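I have placed the structure first, in the form of C-alpha cells, so that the comments after it can refer back to it.
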Number of protein chains: 2
Amino acid sequence: MKSSETKAERPGLLARLLREAGYRDTAPRRAVVRAIEEADGEQSPEALWRAAQRIHPGIGRATVYRTLELLTGLGAVRPLIAAEGGRRYPVAVGGHHHLVCSGCGTVVEFDECAEGEVARRVARRQGFAIQGHLLEIYGTCGDCRVTGEVRT
Amino acid sequence: MKSSETKAERPGLLARLLREAGYRDTAPRRAVVRAIEEADGEQSPEALWRAAQRIHPGIGRATVYRTLELLTGLGAVRPLIAAEGGRRYPVAVGGHHHLVCSGCGTVVEFDECAEGEVARRVARRQGFAIQGHLLEIYGTCGDCRVTGEVRT
DNA sequence: GTACCATTGAGACGGGGTATCACTATGAAG
DNA sequence: CTTCATAGTGATACCCCGTCTCAATGGTAC
Ligand SMILES: [Zn+2]
Ligand SMILES: [Zn+2]
Ligand SMILES: [Zn+2]
Ligand SMILES: [Zn+2]
C-alpha cells in the first residue's frame, strides 16, 4: 500500500466479503475490518479493538469479537491459540509456525513444514476435511540455555 | 498399578523429583502429584484440583497451580494450550497430536508425525534446544461437513 | 419515508488463572 | 525433643478476556 493515494476509500477485501455474504454494511464493522487490514499479521482481539477504537471511537468490545467471528465463518481470518497466556490471535489467512522458548517466551517464526503428507493421511482416515494446522516447537533459546534460567 | 497392594505408599516419581530439587515434602503437594500420576495423560488444572481434593480435602486451587508450575520447571510436566476455550492442559511428558474439528470441537488424537526432521533443522538454525513440539490439525469432521454446520 | 429487524454498545456475568497475606507446619539445628 | 526461620498453604480478592443480555440504533427493502 503506497499510502499516498488513500483517496476513494477502497471497498476493502474483507468489507466486500461481508457485504457479499449478506451482512449489513455498518461503520463499526468497517472499523474492525480496517483495523485488521492495516495491522496485517497476527493481532490479539484487544489490539484490534484498540485499533478499531481509533477508527470508530466508542466501538464496543463485543462488536470486535462478533465481527471476528463472522470473518472466521467466512474463512477470511483464522483464530489461533496464543503461545503463552491462552489468548487467541486471529490471524490473516495463511500462516507460519512458531519456535517458542520456554525460558524467556521468545517466539521465532518459521515456514518450513513437513505436515502436508501426515496431515492429509490422518485427516482422511478420520474423515476430516483439513482447514489448516498449527505447529509449535518448544525448547530453550541460546540465551536461556547459557543462563540456565528456564523458569522463575 | 494392581490396586491391590497399595501398601507402602511408593515414593512416586514426581514426588521424588520435587524432593530432590530441594522442595519440601508436604501433604498438599503429594496429593497433587498423586492426582497427576493416577490420571495419566492430559488433565485440566481444574480436573487435577478436583482429583487432589479427593486425596487431600481442603487443598486450595493455588496450591495445584503452584505445584504444576514447579513440576513444569523440573520438566516433568508440559503445559499445553487447550484447543477451545484457551485453557491450559498440563500433560505428562511425551505426547501425541490432535485433530480438532472447528465445527463441533471434537478432538481426535494421533501419533504420526513428520516433524522430527523439520524441528531439528529449524531449532538448530535458531540456536534452540528442542524440548518438544505441538502439532494440531484443524478441519471439519465428517458429521459437521455433512450438516454443513461450521459455526453457530 | 416507513417499518422491520439486524446490529450495536453498555454492562453484567463467568471461567480460569494470579496476587496477597496471615497462618501453618517442615525440617534443620541444638 | 524443642525451637525456630521460613517455605508452603488456603482463603480471598482481583484481573483478564471472552460471552451474554437487552434496550436503543440505524441499515435496507419497499
Ligand atoms: Zn529464551
Ligand atoms: Zn505447517
Ligand atoms: Zn465436528
Ligand atoms: Zn510430532
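The sequence lines fix the lettering, A, B, ..., with proteins before strands; numbering per chain opens at 1. Computed from a prediction, not measured in an experiment: that's the story for all the values here.
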Whole Å only: how far is the [atom1] atom of [X] from the [atom2] atom of [N]?
{"X": "A:E69", "N": "D:dG18", "atom1": "CD", "atom2": "P", "answer": "12 Å"}
{"X": "B:R61", "N": "C:dT18", "atom1": "CZ", "atom2": "P", "answer": "10 Å"}
{"X": "A:R50", "N": "D:dC16", "atom1": "CZ", "atom2": "P", "answer": "12 Å"}
{"X": "B:R30", "N": "D:dG8", "atom1": "CZ", "atom2": "C1'", "answer": "13 Å"}
{"X": "A:R19", "N": "C:dA6", "atom1": "CZ", "atom2": "P", "answer": "18 Å"}
{"X": "B:W49", "N": "C:dT18", "atom1": "CH2", "atom2": "P", "answer": "14 Å"}
{"X": "B:Y23", "N": "D:dT9", "atom1": "OH", "atom2": "C1'", "answer": "16 Å"}
{"X": "A:D25", "N": "C:dA6", "atom1": "CG", "atom2": "C1'", "answer": "13 Å"}

Considering only [options], which nucleotide approaches the side chain of [X] most closely?
{"X": "B:A62", "options": "C:dG9, D:dG18, D:dA11", "value": "D:dA11"}
{"X": "A:T63", "options": "D:dA13, D:dC17, C:dT8", "value": "C:dT8"}
{"X": "B:R24", "options": "D:dG26, D:dG18, D:dT6", "value": "D:dT6"}

OP1 or OP2 of [N] less than 4.0 angstrom from a side-chain nitrogen or oxygen of [X], does that happen here?
{"X": "B:H56", "N": "D:dT9", "answer": "no"}
{"X": "B:T26", "N": "C:dA25", "answer": "no"}
{"X": "A:R29", "N": "C:dT8", "answer": "yes"}

For the residue pair [X] and [Y], what are the closest heavy atoms and their distance?
{"X": "A:L13", "Y": "A:E37", "result": "N-OE2, 3.4 Å"}
{"X": "B:I130", "Y": "B:A123", "result": "CG1-CB, 3.3 Å"}
{"X": "B:L68", "Y": "B:V77", "result": "O-CG1, 4.3 Å"}
{"X": "B:G58", "Y": "B:Q53", "result": "N-OE1, 3.9 Å"}

Using a distance-only criterion (donor-acceptor N/O pair, under 3.5 Å, no hydrogens), is the base of C:dG17 paired with the side chain of B:R66?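 Under the 3.5 Å cut-off, the side chain and the base do not form any donor-acceptor pair.
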A:T63, A:T67, A:V64 screened by side chain to side chain contact (heavy atoms under 4.5 Å, CB included) with A:P28, the one that passes: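 By the side chain to side chain contact (heavy atoms under 4.5 Å, CB included) criterion, A:P28 pairs with just one of A:T63, A:T67, A:V64: A:T63.
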The answer to which of B:A27 and A:G58 contacts DNA chain C further toward the 5' end, by nearest nucleotide, is A:G58
